[in-house]
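What follows is one structure encoded as structure tokens, with my remarks underneath.
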Amino acid sequence: MISAKRLSGLLAALHAVPLEQQNWPVFLSTLCEQLEALQCFYITAGVNQPIGVRANGGPPFDMDDMQRYNEHYHQSDPYSTAFPLKPRIGPIIGEELVERGALE
């Protein structure tokens with residue numbers, strides 16, 4: 001259960017994003033801590049558009065790696081093809097896009 005202090009910090013970071021886009025990493029890093037996740041991403045994708053990382057939280061992420069990934073694996077990535085088919089605003093857990101059995 002998240003404490004009131006941590007929830008307040010998370011919401012403050014989220015509400016600061018529209019004022020300064022540089023606050024995305026602060027929000028996402030705080031969210032990672034709450035979810036006990038290694039990294040959290042704000043990503044975009046489309047049917048004909050490869051995955052794009054707008055911001056991330058957690059350890060530094062090399063954007064060149066995403067470019068290399070898109071060049072070689074975008075078309076065969078089950079998440080990449082499932083993501084545009086189930087669009088929504090908010091956190092999406094991997095298994096909501098691709099069931100674990102199908103992924104394996």
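Values in this document were obtained by computation on a predicted structure and should not be read as measured data.
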Connected via hydrophobic side-chain network under 4.5 Å: Leu35 and Val26: no
Could you list the donor-acceptor pairs under 3.5 angstrom formed between side-chain atoms of residues 54-61 and any protein atom two or more places apart in sequence or on another chain?
unit_1: Arg54; atom_1: NH1; unit_2: Tyr42; atom_2: OH; d: 3.3
unit_1: Asn56; atom_1: ND2; unit_2: Pro59; atom_2: O; d: 3.2

For Val98 against Pro78, the heavy-atom pair lying closest together: CG2-O, 3.5 Å
Residues that Leu7 engages under side chain to side chain contact (heavy atoms under 4.5 Å, CB included), provided they are two or more places apart: Ile2, Leu11
With sequence neighbours excluded, residues passing salt bridge (charged side-chain N to carboxylate O under 4.0 Å, His left out) with Glu96: Arg88
Considering all heavy atoms, the nearest Cys40-Leu28 contact: CB-O, 3.8 Å
Side-chain heavy atoms of Leu10 within contact of Phe27, under 4.5 Å: yes
Side-chain heavy-atom pair Arg6, Ser3 within 4.5 angstrom cut-off: yes
Flag if over 12 foreign heavy atoms under 6.0 Å of CD, Gln39: yes
